[in-house]
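Reviewing the structure listed below.
Whatever order the structure lists ligands and atoms in, that order sets their numbers, starting from 1.
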Amino acid sequence: MNPTTFDLFADAEPVQQPRREQIGEQSYVLRSFALPWLDRLLPALETVLAAAPFRQMITPGGFTMSVALSNCGTLGWTTDRSGYRYTRNDPQTGLTWPRMPDVFFELAQAAAREAGFATFTPDSCLINRYVPGAKMSLHQDKDENAYAAPIVSVSLGLPAMFLFGGFERSNKSQRVPLLHGDIVVWGGVDRLRYHGVLPIKEGQHSRLGEQRINFTFRTAG
Ligand code: MD3
Ligand code: FE
């Protein structure tokens, strides 16, 4: 056999490579990236939710969001009749938001690195909970101070169809299916693109039940 074609790895175990798909100039889907972290992630999520349970918030326009949310980290995203903002305290308890568990921070950093962002120090993790029928209309995220930092989002539970639009609401959106364990990293020029989530379809997820949970890590302060 020609030594240059000899396969050194012929009898090695097949390795499940993390699959990376580019969906924008500086945006990547990392398929299944969170799966090996779940045994650490889910108990940490329970700890956060015990201190700051999911709740449905009111938009400035007076509508109740179909998505319920919580936060951890130094800053948490909230909305009420007076507007959208980041706060240090949970308006429901008056206490600071729960600290960001180490496993959350480490996972967000590992995913950002995989997408080419060598330094990412999130100070905020918004936790969104979707039950079947819940959706997020097309919007831009403009409440953060550091647009240079990427956003890392972790999808768990029921599948979702993510809408990734352009810089104007009327621009055509691409549809990106997001499954349990997928992570998306958005950076730089893509930070101000419109985006949303189509209504979640009925279903049962073996580990999470009848819901989709999404973590969104940001540098908000
Ligand atoms: C794309 N959440 O909380 S993932 C949000 O699945 C939000 O819960 C969705 O949009 C969800 O604001 C989408 C996170 C996400 C966050 C910011 C983005 C995607 C983004 C900014 C620009 C482009
Ligand atoms: Fe958003």
Check this for me, if you would: do [X] and [Y] make a salt bridge, where the nitrogen-to-carboxylate-oxygen distance has to be below 4.0 angstrom?
X: Arg31; Y: Glu21; result: yes
X: Arg207; Y: Asp39; result: yes
X: Asp182; Y: Arg19; result: no

* Using the ring pair (Phe, Tyr, Trp, His ring centres under 6.0 Å) rule, collect all pairs that involve residues 92-129, keeping only residues at least two apart or in two chains. =>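 Residue pairs passing ring pair (Phe, Tyr, Trp, His ring centres under 6.0 Å), neighbours aside: Phe104-Phe215.
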* To do: With sequence neighbours excluded, tell me which residues meet side chain to side chain donor-acceptor pair (under 3.5 Å) with Gln204.
  =>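 By the side chain to side chain donor-acceptor pair (under 3.5 Å) rule, Gln204 matches no residue at all.
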* With the Fe ion (ligand 2) at the apex, how many degrees lie between NE2 of His139 and NE2 of His195, rounded to 10 degrees? ->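 Approximately 90° at the metal, rounded to tens of degrees.
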Could you give the N/O to N/O pairs under 3.5 Å linking ligand 1 and the protein, each with its distance?
residue  : atom   : partner : partner atom : Å
ligand 1 : 3 (O)  : Asn128  : ND2          : 3.1
ligand 1 : 3 (O)  : Arg218  : NH2          : 3.4
ligand 1 : 6 (O)  : Arg212  : NH1          : 2.9
ligand 1 : 6 (O)  : Arg212  : NH2          : 3.2
ligand 1 : 8 (O)  : Asn128  : ND2          : 3.1
ligand 1 : 8 (O)  : Tyr130  : OH           : 2.6
ligand 1 : 8 (O)  : Asn214  : ND2          : 3.2
ligand 1 : 10 (O) : His139  : NE2          : 3.2
ligand 1 : 10 (O) : His195  : NE2          : 2.9
ligand 1 : 12 (O) : His139  : NE2          : 3.2
ligand 1 : 12 (O) : Asp141  : OD1          : 3.4
ligand 1 : 12 (O) : Asp141  : OD2          : 3.2
ligand 1 : 12 (O) : Arg218  : NH2          : 3.2

* To do: Report the name of the N/O/S atom of Asp141 located nearest to the Fe ion (ligand 2).
  =>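 So the atom name we want here is OD1.
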* Report yes or no: is the cationic atom of Arg20 (NZ for Lys, CZ for Arg) closer than 6.0 Å to the six-membered ring centre of Tyr28, at no more than 45° off its axis? =>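 Positive - Arg20 is close enough to the ring of Tyr28 and near enough to its axis.
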* Could I get the full list of ring-ring contact (aromatic ring centres under 6.0 Å, His included) partners for Phe54, not counting sequence neighbours? =>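 Not a single residue meets the ring-ring contact (aromatic ring centres under 6.0 Å, His included) criterion with Phe54.
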